[in-house]
Amino acid sequence: MTNYIPTIGIEVHVELKTNTKIFSNSINGYGQMANSLTNVVDLGYPGTLPTLNKEVINLAIKAAKVLNCNIRREMHFDRKNYFYPDNPKNFQITQSRTPIGYDGYVEIEVEKTKKKIYIEEMHIEEDTCKSTHRGDKTLLDFNRAGVPLIEIVTKPCISSSTEAKLYLEKLKELLFYSDISDCKMEEGSMRCDANVSIRKNEQDLFGTKCEIKNIGSISNVGLSIEKEIERQAKLLDSGETFKEQTRRFDNKTCDTVLMRVKETGNDYRYFPEPDIPYLYITDEMITEVEKTICMLPDERRTIYIEKGVSDVNAKKLIQNRELSDYFNTLLSEKTNFKIASNLILGDISAYLNKNEKKITDTTLTKERFLELIEKVDDGTLTSKNLKDILDVILEKDISISTIIKESGIENITDDSTIREIIKKIISENPESVSDYKAGHDRAIKFFMGQVMKETKGSANPKLAMDILKEELK
Amino acid sequence: MRQVHNYLDLSLIEINKLFKEKKITPTDLVLEAFDRVEKNKELNSFITLNKEEALKQAKELEQKEVDSLTFGIPIAIKDNIVTKDLRTTAASKMLENFNPIYDADVIKKIKDANMIIIGKTNMDEFAMGSSNRTSYFGLVKNPWDKNRVPGGSSGGSAAAVSSRIVPLAIGSDTGGSIRQPASFCGVVGLKPTYGRVSRYGLIAFASSLDQIGPMTRNVYENALLLNTICGKSSNDLTSVETNEDFTRLIGKDISNMKIAIPNYYVNDAIDKEIINKLNEVVELLKKKNCTIDYVDINYIDKAVPLYQIIAMGEASSNLARYDGIRYGYSYETPENIEDLYLKSRKIGFGPEVKRRIMIGSYLLSGKNAKEYYDKALKIRDDLRRNFLATFEKYDLIIGPTNTTTAYELDKGLDDAIKSFLDDILTIPVNMAGLPGMSVPIGFSDSKLPIGLQIIGKPFDEAKMYQLASFIEKELNLDLNPNGGEKND
């Protein structure tokens, strides 16, 4: 098969996290009883008019900022006219001529090299209703009708399925972090279409493009792009041509399937929406929105790593916005961030998951957490001890040192007590002593294990190790 | 048999006095209104009557204090304004059985003001027409000559007020649909400034032009009704906050007013009789030291083609929602979804509506959108600027409302262009978003009413009422087609 150069552009629709719909005051919610979140406006009843939800404009400005877009200052909405049962007015209110954001980018890292994925434009529009096909019947749920969306369109500048996936992961991270969208692909709050074409040389014109609609997950975006490139390459290799078309990804066969061949001049009869006056975005509006933008993932990652957090932990923290936000409250302090990240992602996370709590719902204030980190850092608390008293730490608002005292698990930090125990263990295990002297690492671990067993885990590990090494000399 | 009192020929002020003196009740008025509906059945001015509910409401009002001049007054509503639980058809088969589940903003205001809705008036289908002959529910006759049209599209409202069935009615005006029938039927009709009245609940025809307005027997009552229905609504983003009493300048001296008459408004296409009446008014105003200048307003002659492009483009989109799926007429045995769309719309819409949808769709298609719609919007802005420039020098603009008086019911039926030419003098006002009204200034030789159009700058309705009330008082016309039965 000839080696072709793929050109990929991606369109993403995300549902905005607003309280109400874009053009009516119905609740914007998911998973509710069908048609319970609707009113006459959503149903396109005669005489109804759209209103405009300010929240939507603010979130769109935020998205434009986060995606490094220019923001249009004077804009209007347009009607996209087409007949379809999921389209209650038989026109969709969207922004065709004056998208709110344009010329932006998202930066990804492909094999250690940074690459900008350029965003052509992003605009605001309303979602359609959800149709479910049952035999020869179609059921319509208008709860989704009028849910605010932004559509983000890249330039045709993506050159592989890997880049496409990295772009989507990054986009998802940014939008999720900025509280713009839930970005749940499984619930449809983030939906992707990929446009794929291939050509032989960089100098050639773009090849015929095929659009793969509504792909259900980021990994499937990758798969479907690969399959599509392969399919097009086979056709071109065998001298065949094909028409612009819309395809979908079939989960079962793991391949793309033809939906329809694009007819020339799909005519949506766009014209400016007369029921919504022109909208003017002021500097003040943008400044207000900028204040609500939190620290974004890339910046977090850099700072965490600077502070000594491992790559893995930094990644894990960022994946959990709530924990990351909590972690950020420590950043101005002097503490051991490596231990802090281990604690948050380890025992504390386990507790939170088990009890279905948020970290902010526990009694672990910043001050108490700093104390806890200190106690672990100086060896006062072993990981076993910590497990024993973690529930108390997270549920009672008493100082960590008091908890340690009251629980009676204060470490044996008395030199002579530990030394005696160690001496006894060494004398009982002459084979391990020779192992140690022969340079076997596991011997020291064995001895430490014995010490902890003997002291029921209450020996200060650092101290124990020091004495052990001394005694083994 | 009940004694006939003709309370409905009294002014609202007189009725109010009788209410306060407890000489009559709202029920008396409602019963009389329905007697008159019956007596004028031939006019066909109503599509749906609201008798049971109206009587119930009248009864309830007897327990309430008479708090305003509109208290207990019967009113008729054009059938393109949705009324909760009261059938609203837009005079179309498409909505023949449509019972709205909400009230339009104006309906809420009317109910809050304790007016009593008598019924829904006949009109051109979806307000498309200017002779009331495109209604699915049959044509309406002009109370002054039952062989003639009442005008349209608010023909039912105009006929109902003219024949004194109700003192007040609500109409809507996209290109002249209040003013033209007001003129043909000898009543006062106002199209307010775009944005003055909330359009929420008005079945949209052309969103950027539609405006709801009052139709009444006289100028004062027109201003009163505008007082009730105006104001910003959170449901309509194009509505504007206004808080004023539109009656405040009525009766005030009009001396030295500066008035312009566009040359286009005295062109050869206009009946001589109408120009003569206009000239009589001009003489009256001159006696009051008013300035009367004949002026040119650029693009005013282009208003009709602009209207056709913008109104039909918007209509084609606004009427797309009638697809047989959620409400309205639905073809019973479609083969598939495509068939449901096609048959429901083919059978549900009348010929004039289909014609306009098709032309509108064509005008917005592909390159046409740029070539026609975008260009029309630009010229429309220019036209508005030209009007505003005129208002820098003049208080008001006047001219005839129509080129002719009411014509015969069978005239021009085969001419699709005719209905637009009826509106050459009213359409420019909608295109510029200005307020315009028609006030009766006399009759033709064949005893048909002639209307004067008064055009104001945006939100200057009070001044228009001032001039209109002066003319009304000076002319003191008998505007009851049944012949001055003013007294018991």
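Order of the sequence lines sets the chain letters (A, B, ...), proteins ahead of strands, with each chain counted from 1.
- Here the CG atom belonging to A:D267 is positioned 12.0 Å from the NZ atom belonging to B:K367, to the nearest 0.5 angstrom.
- Within a 6.0 Å radius of OH in A:Y84, other residues, nucleotides and ligands contribute 12 heavy atoms or fewer.
- Counting heavy-atom pairs under 4.5 Å between each of B:S207, B:G366, B:A206, B:S317 and chain A puts B:S317 at the top.
- Residues A:I276 and B:L237 share a closest heavy-atom pair of CG2-CD1, 3.9 Å.
- To the nearest 0.5 Å, atoms OH (B:Y102) and OH (A:Y45) are separated by 10.0 Å.
- Here the shortest heavy-atom pairing between A:F271 and B:L364 reads CD2-CD1, 3.6 Å.
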Steps toward side-chain contact (heavy atoms from CB on, under 4.5 Å) verdict (A:N87, B:R321):
CA-CA 9 Å; A:N87 186 9; B:R321 68 190 62 199; over 6 Å; no
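- Shortest non-hydrogen contact noted between B:S234 and A:T51 is O-CG2, 3.0 Å.
- Proximity to chain A is limited to the side chain of B:Y341, based on heavy atoms less than 4.5 angstrom apart.
- Side-chain atoms of B:R326 come within 3.5 Å of backbone N or O of A:L43 as a donor-acceptor pair.
- Proximity to chain A is absent for every atom of B:A104, based on heavy atoms less than 4.5 angstrom apart.
- Considering only heavy-atom pairs separated by less than 4.5 Å from chain A, the leading option among B:N318, B:I325, B:N368, B:T88 is B:N318.
- With rounding to the nearest 0.5 Å, the separation of CG in B:D236 from OG1 in A:T48 is 11.5 Å.
- Atom NZ of A:K209 has 12 or fewer neighbouring heavy atoms from other residues, nucleotides or ligands inside a 6.0 Å radius.
- Only the side chain of A:F91 comes within contact range of chain B, with at least one heavy atom under 4.5 Å from a heavy atom of that chain.
- Nearest heavy atom pair, residue A:N90 against residue B:A320, reads ND2-O, 2.8 Å.
- Between A:L49 atom CG and B:L202 atom CG the span is 8.5 Å, to the nearest 0.5 Å.
- Other residues, nucleotides and ligands place more than 12 heavy atoms under 6.0 Å from the NZ atom of B:K232.
- The CG atom of A:D275 sits 4.5 Å away from the CZ atom of B:R199 when rounded to the nearest 0.5 Å.
- A distance of 4.5 Å separates CZ in A:R269 from OG in B:S361, rounded to the nearest 0.5 Å.
- Among B:G201, B:P100, B:S208, B:A204, the residue making the largest number of heavy-atom pairs under 4.5 Å with chain A is B:G201.
- Pairing each heavy atom of B:I203 with each of A:P46, the nearest pair is CG1-CB, 3.9 Å.
- The most heavy-atom pairs under 4.5 Å with chain A, out of B:L377, B:V82, B:D323, come from B:D323.
- Closest of all the heavy-atom pairs between B:Y200 and A:V40 is OH-CG2, 3.5 Å.
- Heavy-atom neighbours of A:K130 NZ from other residues, nucleotides or ligands within 6.0 Å: at or below the threshold of 12.
- Proximity to chain B (any heavy atom under 4.5 Å) is restricted, for A:L140, to the side chain, taken from C-beta onward.
- Few gaps surround NZ on A:K155; more than 12 heavy atoms of other groups in view lie less than 6.0 Å from it.
- For chain B, the nearby part of A:F142 is the side chain; its heavy atoms alone come within less than 4.5 Å.
- Annotation for B:E335: atom CD does not count as buried by contact number, only 12 or fewer foreign heavy atoms lying within 6.0 Å.
- Counting non-hydrogen atoms of neighbouring residues, nucleotides and ligands closer than 6.0 angstrom, the OH atom of B:Y362 reaches no more than 12 such neighbours.
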